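All of these numbers come straight from a predicted model, not from anything done at the bench. All ligand and atom numbering here is 1-based and tracks the order in the structure.
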Amino acid sequence: MFFLLFFLALFWPILPHAYEYPLSPKSVPAADLARFESWVQYAAAAYCVDNVKAKEGAKLSCPPKNCPYVQQADTSVILSFTTPVTDTAGFVAADHTHRAIVIAFRGTVSIRSIVFDWDPVLTKTNLCPGCMAEKGFWYSWIAVRSEILETVGKAIIEYPDYQIISVGHSLGGSIATLAAASLRAHGHHVILYSYGSARVGNRALSANLTAQAGNYRLTHTVDPIPKLPPLLMGYVHISPEYWITAPSSSKVQPDQINVLTGLVNWHGNTGTGPPLLGDLPAHLWYFQSVSLCAEPMPFQ
Ligand SMILES: *[C@@H]1O[C@H](CO)[C@@H](O)[C@H](O)[C@H]1NC(C)=O
């Protein structure tokens, strides 16, 4: 992976930039911004060990100011999960205040190992014909798939007017994407919020997912993780991209989120240069510090 990054850094300027024609960027309504700022707090909550190991019926919580939207709501954990082998962790919770069933996945606790040790390989999925996903993401998802499908299936019978939200940051965003796809294949209407997700699959999978309604894939300035795995390995993103152009630690305004369409769009995060380790701080800031709860800290 490291050599690949080096290669990309060298050849970036001559890679095919006119791969797909983008629409011109447009900004989001203030209501969308509010939703993005709210649901990311569930991605933050999934980093807290107390939440991913919570007992059924427990209330979700975070360190001060890290997830007030979650903490002030009437929440109840339905299922929490941590798997030793694939390192998939998260929870399914009912949020009675916002009338939602939320499936939240934890991101990786070692981004450095993503960048240096990760060998992304596409593997077959059962989502649609020819649809392939990054093997690690796919196996992380199928480790918890049956449990989550069953849990959500029961919860939506109990709370039929609730929305189903799949959310995650970083690796968690990639798993949330596959979770949304599987749940939709089982007939559920799912809204996906992914923050700083890597590319999840090949063109067939991304096109199929893109055609489904309710995808909010957020990226932030030069975040290196959504630039991986490289296009040259056959990976593309789902569309649209909501690209946050505001710097870390600042209050984001609606015109600082550009909406970009296409499986490859060079006018958003993808066009901001090669994935650099030094750009990782942009990965850790999505309206707030998302991985504050992570242990060890993501740089280790
Ligand atoms: C996505 O794949 C599913 C399963 O094969 C199929 O039913 C659906 O029509 C596909 N959607 C699109 C837009 O291709």
**OP:** Could you check atom 14 (O) of ligand 1 against the protein and tell me its nearest heavy-atom contact, residue, atom and distance included?
**Re:**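 That would be Asn208 ND2, 3.3 Å.
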Subject >> Salt bridge Lys135-Asp119, side-chain N to carboxylate O under 4.0 Å >> reply: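 A salt bridge is absent here (no side-chain N lies under 4.0 Å from a carboxylate O).
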Subject >> Residue that, paired with Tyr162, satisfies side-chain hydrogen bond (donor to acceptor under 3.5 Å, both in side chains) out of His96, His98, Arg99 >> reply: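 Only one option passes, and that is His96.
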**OP:** Check step by step if side-chain contact (heavy atoms from CB on, under 4.5 Å) holds for Leu183 and Ile103.
**Re:** CA-CA 11 Å; Leu183 284 157; Ile103 310 133; 3.5 Å; yes
Original post:
Is any side-chain heavy atom of Trp118 closer than 4.5 Å to a side-chain heavy atom of Leu228?
Top reply: yes
Original post:
Would a 4.0 Å cut-off, counted as strictly less than, catch a protein heavy atom around atom 5 (O) of ligand 1?
Top reply: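 Answer yes: something from the protein, a heavy atom, is under 4.0 Å.
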Original post:
Can you tell which part of Ala211 has a heavy atom less than 4.0 Å from ligand 1: side chain, backbone, both or neither?
Top reply: side chain
Original post:
Which atoms of ligand 1 have any heavy atom of Pro129 under 4.0 Å away?
Top reply: 5 (O)
